[in-house]
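Computed over heavy atoms, backbone and side chain alike; hydrogens, waters and symmetry mates excluded. Only a predicted model underlies this, so the values are computations on that prediction, with no experimental measurement involved.
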Amino acid sequence: MSRYDASAVEPKWQSAWDEAGVFRAERDENRPKYYVLEMFPYPSGRIHMGHVRNYTMGDVIARYKAAQGFNVLHPMGWDAFGMPAENAAMEQGGHPAEWTYGNIADMRDQLKPMGLSIDWSREFATCDAEYYGQQQAMFIDMLDKGLVYRKAATVNWDPVDMTVLANEQVIDGKGWRSGAPVERRELTQWFFRISDFSEELLEALDGLEKWPEKVRLMQRNWIGRSRGLQFGFETVGAPEGFGTLEVYTTRPDTLLGASFAAISPDHPLAKRLEADNPDIAAFNAECRKMGTSEEALETAEKKGFATGLRVKHPFDPAWEMPVYIANFILMDYGTGAIFGCPAHDQRDLDFARKYGLDVIDVFQPVDSDESVDDTAFVPPKTEKVRYVKGFAGDAVQTGEDAVEAAIDQCEARGVGKGVVNYRLRDWGISRQRYWGCPIPVVHCETCGVVPEKKENLPVELPRDVSFDKPGNPLDRHPTWRDVACPSCGKPARRETDTMDTFVDSSWYFARFTAPRAETPTTMADAEYWMNVDQYIGGIEHAILHLLYSRFFARAMHLTGHLPKKATEPFDALFTQGMVTHEIYVTRDDRDRPVYHLPGDIEWTESGARLGATGEPVEVIPSAKMSKSKKNVVDPVNIIRDFGADTARWFMLSDSPPERDVEWTAAGAEAAWKHLSRVWRLADEARAGTAPADGAADEALTRAMHRTIDEVTRGIEGFAFNKAVAKLYEFTNTVAKSKAGAETRRAALRVLAQLMAPMTPHLAEDIWAMLGGAGLVAEAAWPVADPAMLVEDTVTLPIQVNGKRRSEIQVPKDMAKEEVEKRVLADEAVQRVLAGAAPKKLIVVPGRIVNVVI
RNA sequence: GCCCGAGUGGCGGAAUGGUAGACGCAGGGGAUUCAAAAUCCCCCGGUAGCAAUACCGUGUCGGUUCGAGUCCGACCUCGGGCACCA
């Protein structure tokens with residue numbers, strides 16, 4: 001008996017697709033298009049199961065839409081700039097470009113055997129000069145439109161390595177290589193004016209109906225629109241020029257509960273004070289030793305320093321409050337200064353208890369007069385509370401109403417004004433690193449900052465650089481910086497900062513529509529292919545990548561690189577869950593974590609050990625697969641042993657696509673067995689050896705139509721695991737069916753079509769075996785006959801007091817009265833009723849009956 | 001710390017407010033075989049019972065409802081993000 005041999009079948013059909021050019025996407029104004037895009041990979045060098053899951057899902061959609069007659073664009077590229085390439089160069093020598101292009105070649109070789117329906121002719125890497133040159137051109141256009149500017153911003157500074165560190169490289173406040181305490185340092189950096197678009201980006205979220213609600217909510221919170229009061233405290237004893245201290249508050253209704261004011265260590269007043277006061281200078285210096293991340297600030301112990309200055313309460317000049325410098329105040333949010341109301345903010349309360357400050361109740365629960373003790377009273381703003389120290393509106397009102405009333409009252413009294421504030425900050429894109437897109441500007445002593453001329457683009461990265469010293473190799477390159485000023489022609493210096501890699505990934509989707517164009521995009525192609533109809537990627541990108549891309553699409557529209565309709569570039573978004581795996585860690589001599597690949601681990605009776613040395617390994621369960629943690633599983637082995645279809649089928653089975661899935665080896669075998677079984681069924685059907693009985697034809701045909709319907713709805717709803725379950729069911733039905741040979745063959749041809757988006761190679765093989773015309777990859781999607789989906793009788797479960805006790809079979813459209821009669825006649829119902837009448841009889845037609853006694 | 005999710009058999013999971021556990025894995029029993037592999041059939045949440053059946057059961061506690069895994073409130077645990085990882 002012949003057997004299914006994936007290693008022979010898969011390459012055969014891949015060649016057939018290639019020869020037929022099935023996946024080549026060409027603009028055709030007469031056909032409706034469909035653009036499927038998965039988030040492109042970082043070329044780490046090895047594909048992992050997360051990629052397999054991501055690209056399989058996208059491929060299911062792409063192939064399904066193609067079967068429905070759409071002109072599908074399904075491209076692939078590489079998010080190729082970034083730190084790992086430089087780290088590799090530092091650790092192993094070599095050049096980031098070599099490392100990156102080598103990895104891309106390796107990963108392409110690993111990806112191709114998956115049989116994805118990708119138009120490889122559109123492939124590019126963001127580190128190609130052709131790509132980043134176009135990005136530079138757009139940067140210049142955006143600079144021209146005022147979308148880009150420079151300002152000072154803080155970075156993590158490693159004082160030993162004399163280099164800027166990424167947040168990831170700061171571990172417990174210390175540099176990852178040097179171990180030296182990190183300092184915050186100010187540098188002049190390039191920014192995109194994303195915050196000018198705060199309201200626009202917020203409002204447009206409502207229109208993104210095919211995005212997950214949770215992503216829209218996360219973005220909404222990230223943008224963080226708030227309405228509050230901004231006002232100035234009159235200061236007492238402050239240096240000249242600091243007569244008032246501007247603060248912003250979202251809770252002006254608690255103004256009479258204020259007991260202190262606090263400013264950020266980076267506030268101009270704090271900086272002014274440290275000039276004459278060594279204690280303040282020391283405190284500020286201490287604060288600046290924290291990393292720059294919000295997480296580091298928020299989780300650090302809350303500390304304050306009493307400046308000795310005081311501010312006057314705006315309602316009562318006799319009421320003075322102390323001014324603190326506090327390590328948890330962000331200079332980037334509001335005015336960098338707040339007033340504290342300890343009774344109604346837990347952080348303020350902790351602070352007040354620590355420094356012995358007053359705690360003044362402003363409002364209390366409606367039905368209680370309990371004062372705040374160790375827990376701040378912070379009810380939802382929509383809840384009604386009783387104001388005991390209110391100054392505007394009713395005594396009993398919601399926080400929302402009180403805030404509005406307080407703003408009105410303050411404005412009337414001339415104390416500040418109501419303002420709208422956003423949490424969203426401008427997007428800092430300067431990176432003091434080599435392996436990124438050079439920012440195409442020149443610094444001239446005469447002309448200042450001048451954009452490079454477009455005809456000189458791309459500003460290419462020099463190849464002759466070394467990574468033997470920390471810091472930016474562009475800075476110490478002997479000649480690269482030297483350039484003639486594009487404006488006056490005198491000797492000038494190039495900008496040595498490169499762009500954040502988020503810039504690269506903020507427009508690649510647009511470039512795919514015309515990947516070889518000599519402008520960033522072409523209007524005809526962008527008009528036809530945009531928007532991305534279905535975008536698929538990890539939930540970890542819910543905020544930054546997606547928000548930056550939404551901004552960038554707007555900026556590209558304003559600079560003439562995208563049509564208006566593409567300002568929201570992703571029509572539908574699906575966020576897949578992550579593929580997780582255990583992490584294996586040992587510690588180095590400085591107790592820093594060292595991660596190990598699953599393949600390097602051996603399991604012994606005493607636990608996990610390093611295979612090479614026998615060193616015990618700490619196992620951290622179920623964590624996101626990531627390059628840096630090395631907890632990656634190699635799909636190449638799975639594909640080699642079982643074939644791509646098995647890996648694809650397994651990734652679609654069992655776990656819902658939006659949920660995390662922990663990789664287990666056990667399922668691969670099962671998936672392979674199932675695919676072999678399908679193939680065997682087809683082989684038998686071809687030979688006509690299965691037992692046949694024409695009377696069973698209708699049952700199988702009905703099951704077939706039901707399966708078409710269910711699988712179609714499963715794919716449409718991104719419920720691939722359910723579609724897979726239905727395909728399992730149908731396979732069992734076919735296997736057990738006594739239907740005649742022709743009906744079986746028809747059923748299996750439909751099975752091939754339904755499986756084709758998921759296991760395309762197997763599907764082609766059985767399609768050909770059973771006489772399907774042409775390639776199943778080019779066949780039209782089957783359509784269920786609605787008449788075949790209707791059932792004549794239904795099973796009606798009977799509950800007694802909500803518990804299932806019995807069931808009856810009734811015709812589908814039986815009248816309610818007749819159903820009630822049958823229910824009361826039911827043996828089990830009669831038994832519990834024991835002659836009495838039920839209190840209530842609930843009949844939900846076609847679904848259920850509940851007898852209440 | 002803040003924002004967003006998720007918790008259902010031994011495991012992955014299914015279930016428009018309407019029969020909890022579809023489908024798959026693992027496990028148990030059987031058929032086939034000289035034997036094995038492969039394949040096929042049956043069983044499979046817990047407790048009690050020969051059985052019919054009864055009771056318990058969807059992270060915890062409370063609520064709404066004829067009826068709650070599903071809705072509401074509080075909590076616990078795990079995961080993602082927090083602006084220089086990508």
Side-chain angles (χ1 to χ4, degrees), chain A residues 1 3 39 41-42 44 79 81-84 155-156 164-170 194 212-215 217-222 224 291-300 302 328 332 346-347 423-433 500-502 504-505 538-545 547-548 575 577-578 580 621-624 626-628 653-656 658-662 664 666-667 669-671 673-674 676-677 680 719 721-722 724-729 732 735 795-807 838-842 844 847-852:
Chain A
M1 188 177 107
R3 277 179 61 141
M39 290 180 186
Y42 179 80
S44 60
D79 189 12
F81 275 135
M83 287 199 308
V155 295
N156 299 306
V164 178
L165 299 178
N167 285 336
E168 185 192 52
Q169 297 171 316
V170 180
I194 187 172
E213 185 51 45
K214 65 175 169 184
V215 174
L217 189 56
M218 278 190 258
Q219 293 214 353
R220 218 167 267 139
N221 290 338
W222 185 263
T292 56
S293 76
E294 187 174 321
E295 186 190 2
L297 256 53
E298 292 275 337
T299 52
K302 311 289 181 287
F328 56 88
D332 291 315
Q346 190 60 44
R347 196 171 55 184
R423 191 180 157 274
L424 182 64
R425 311 198 293 258
D426 276 336
W427 173 15
I429 60 154
S430 291
R431 298 293 181 270
Q432 294 69 44
R433 277 185 252 290
D500 179 8
T501 56
F502 273 124
D504 312 337
S505 56
I539 183 67
E540 67 271 28
H541 296 293
I543 296 173
L544 293 179
H545 162 60
L547 192 59
Y548 289 152
T575 54
M578 284 169 295
T580 64
S622 275
K624 170 191 172 185
S626 79
K627 296 139 286 225
S628 58
S653 316
D654 296 350
S655 283
E658 68 279 9
R659 209 157 333 149
D660 288 356
V661 59
E662 172 121 22
T664 65
E669 182 102 7
K673 277 187 191 174
H674 177 72
S676 302
R677 184 173 181 228
R680 216 168 38 243
N721 57 323
K722 287 187 253 174
V724 165
K726 294 304 176 189
L727 289 167
Y728 266 108
E729 246 169 31
N732 285 332
T795 304
L796 223 47
I798 300 175
Q799 295 181 329
V800 176
N801 287 345
K803 291 195 181 199
R804 186 191 167 281
R805 283 295 123 108
S806 185
E807 63 181 35
K839 261 192 211 157
K840 212 171 177 183
L841 194 57
I842 293 153
V844 185
R847 299 215 54 99
I848 205 164
V849 179
N850 193 7
V851 183
V852 185

Closest to the [X] side chain: [options]?
{"X": "A:Leu424", "options": "B:G24, B:G1, B:A83", "answer": "B:A83"}
{"X": "A:Glu540", "options": "B:A83, B:G81, B:C84", "answer": "B:G81"}
{"X": "A:Asp654", "options": "B:G24, B:G79, B:C4", "answer": "B:G24"}
{"X": "A:Thr501", "options": "B:A86, B:U39, B:A83", "answer": "B:A86"}

Using only modelled atom types and a 3.5 angstrom limit, is any donor from either the side chain of [X] or the base of [N] paired with an acceptor on the other?
{"X": "A:Arg805", "N": "B:U53", "result": "no"}
{"X": "A:Gln432", "N": "B:C84", "result": "yes"}
{"X": "A:Asn850", "N": "B:C66", "result": "yes"}
{"X": "A:Glu295", "N": "B:C82", "result": "yes"}

Please state the [atom1] separation for the pair [N] and [M] - nearest whole angstrom.
{"N": "B:C75", "M": "B:A83", "atom1": "P", "value": "27 Å"}
{"N": "B:G21", "M": "B:G46", "atom1": "C1'", "value": "13 Å"}
{"N": "B:C2", "M": "B:U70", "atom1": "C1'", "value": "29 Å"}
{"N": "B:G28", "M": "B:C34", "atom1": "P", "value": "25 Å"}

Categorize [X] for me: base, sugar-phosphate, or nothing, with a 4.0 angstrom heavy-atom threshold over every strand shown.
{"X": "A:Asp332", "value": "nothing"}
{"X": "A:Gly428", "value": "sugar-phosphate"}
{"X": "A:Thr299", "value": "base"}
{"X": "A:Val724", "value": "nothing"}
{"X": "A:Trp222", "value": "base"}
{"X": "A:Val844", "value": "base"}
{"X": "A:Phe502", "value": "base"}

Pair A:Lys214 + A:Glu658, salt bridge at N-O below 4.0 Å: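 Looking at A:Glu658 together with A:Lys214, the answer is no, because their closest N to O distance does not fall below 4.0 Å.
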So do the side chains of [X] and [Y] get within less than 4.5 Å of each other, counting heavy atoms only?
{"X": "A:Leu796", "Y": "A:Ile848", "answer": "no"}
{"X": "A:Asp504", "Y": "A:Asp79", "answer": "yes"}
{"X": "A:Glu298", "Y": "A:Phe328", "answer": "no"}

On RNA chain B, compare the nucleotides closest to A:Lys803 and A:Lys840; which residue's is nearer the 5' end?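 The residue mapped nearer the 5' terminus is A:Lys803.
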On RNA chain B, does the nearest nucleotide to A:Trp427 precede the nearest nucleotide to A:Thr795 from the 5' side, or the other way round? Give the residue.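 The answer here is A:Thr795.
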Would you call the rings of A:His545 and A:Phe502 parallel, tilted or perpendicular, where under 30° means parallel and over 60° means perpendicular?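 It falls in the parallel class, under 30°.
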